[in-house]
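In what follows, a structure is listed as structure tokens, so that the remarks can point back to it.
Residue numbers start at 1 and run along the sequence shown.
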Amino acid sequence: MTRQRSAQAIASRRSFWDSLYLTDRAVDTFSLLEREWRGFAAHVLQAGARTAIDVGCGRGALSGALALHGRLQTIGYDWSEAAVAVARGSLSHPLLSFETHDFGMPVRPTGVQPGAVDIVCCRFVLQYLDLPAFIANARCLLRPGTGTVYVLTQVREEMAKHARGGEGLPRAVIAELRGAWPAAPVWPLTRRGEVVAVALGDPRRAGS
């Protein structure tokens, strides 16, 4: 009964996101800004990077930039079939593809092999995932020694301070996440610091 209820809850949440991506442009209100890409290029897009995955890609804004501007072989993943369908219909590039995958499940996504991914992107998604399990999975997928996890998140305390709800990750969680990696620069994407970007580098030594 519990398993059935859980499956029903997952189906309900997926249906909710499908509906949003089909009807509500508000889910993409935070555009890929020039300053975000500048920080990404400086801290994440290291020389020699060839492959990237975009976890929770939505309509594919970041995935498209990774392929078009970063020249990376990119797969955008989202658990919403509607989001993937919209992304496929609006973005086309030889280096770009989109797939449906739920990173909340202990199953490796199709199209990638362990140790073969240079950049794992997670844009406004970590708050919905099992953080330790996701990071462990990301480390498995990343190229040892050079791979980087790119995180974009709201800071929960700052969001609440400016009456925008308690979305995002708490500061303490962001600090703990950064502390497990030897290289973890962070930079704000908004004037008040409600949104920050973090680059988590060198998975080979992280947590050692």
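- Side-chain contact between Leu62 and Phe124 is absent, with no heavy atoms from C-beta onward closer than 4.5 Å.
- With values rounded to the nearest 0.5 angstrom, Gln46 atom CD is found 6.0 Å from Thr146 atom OG1.
- Checking side-chain atoms of Arg143 against main-chain N and O of Ala116 turns up a donor-acceptor pair under 3.5 Å.
- With sequence neighbours excluded, the residues satisfying salt bridge (Lys or Arg N to Asp or Glu O under 4.0 Å) with Glu99 are Arg88.
- With a 4.5 Å cut-off on side-chain heavy atoms, Phe40 and Ile119 count as touching.
- When all heavy atoms of Ala49 and Leu72 are compared, the closest pair comes out as O-CD2, 3.3 Å.
- Interatomic distance, Leu45 CG to His69 NE2, rounded to the nearest 0.5 Å: 11.5 Å.
- Note on ring orientation: taking the six-membered ring where Trp is involved, the planes of His101 and Phe103 are perpendicular (angle over 60°, cut-offs 30° and 60°).
- Here the closest non-hydrogen pair linking Gly104 and Leu129 is N-CD2, 4.1 Å.
- Between the CD1 atom of Ile53 and the SG atom of Cys122 there is a distance of 9.5 Å, given to the nearest 0.5 Å.
- Here the options are Val173, Ile174, Leu126, Leu177, the test is side-chain contact (heavy atoms from CB on, under 4.5 Å), and the partner is Thr153; only Ile174 passes.
- Taking 4.5 Å as the limit, some side-chain heavy atom of Val149 sits within range of a side-chain heavy atom of Trp181.
- Across every non-hydrogen atom of Asp78 and Gly56, the tightest pair is OD2-C, 3.3 Å.
- Taking both residues in full, the closest heavy atoms of His43 and Ala199 are given as O-CB, 3.9 Å, listed atom of the first, atom of the second, then distance.
- No donor-acceptor distance shorter than 3.5 angstrom exists from the side chain of Thr100 to the backbone of Glu81, with no hydrogens or angles considered.
- Grouped by direct or indirect side-chain proximity (heavy atoms under 4.5 Å, Ile/Leu/Val/Met/Phe/Trp/Tyr only), Val84 sits with Leu91, Leu96, Phe98.
- Between the side chain of Asp54 and the backbone N or O of Ser63 there is at least one donor-acceptor pair closer than 3.5 Å.
- Residues Tyr77 and Leu131 are members of one and the same hydrophobic cluster, defined by side-chain heavy-atom contacts under 4.5 angstrom among Ile, Leu, Val, Met, Phe, Trp and Tyr.
- Residues Leu141 and Leu95 fall into different hydrophobic clusters, defined by Ile, Leu, Val, Met, Phe, Trp and Tyr side chains chained together at heavy-atom separations under 4.5 Å.
- Leu66 is not listed as a side-chain neighbour of Tyr150, based on a closest heavy-atom distance of 4.5 Å or more.
- In this structure, Gln154 contributes its side chain and Met159 its backbone to no donor-acceptor pair below 3.5 Å.
- Within 6.0 Å of CD in Glu176 there are 12 or fewer heavy atoms belonging to other residues, nucleotides or ligands.
- Arg192 and Glu158 make their closest contact through O-OE1, 3.5 Å (heavy atoms, listed as atom of the first residue, atom of the second, distance).
- When all heavy atoms of Thr110 and Ile75 are compared, the closest pair comes out as O-CD1, 4.4 Å.
- With hydrogens and angles ignored, the 3.5 Å screen pairs a side-chain donor or acceptor of Asp118 with a backbone N or O of Thr51.
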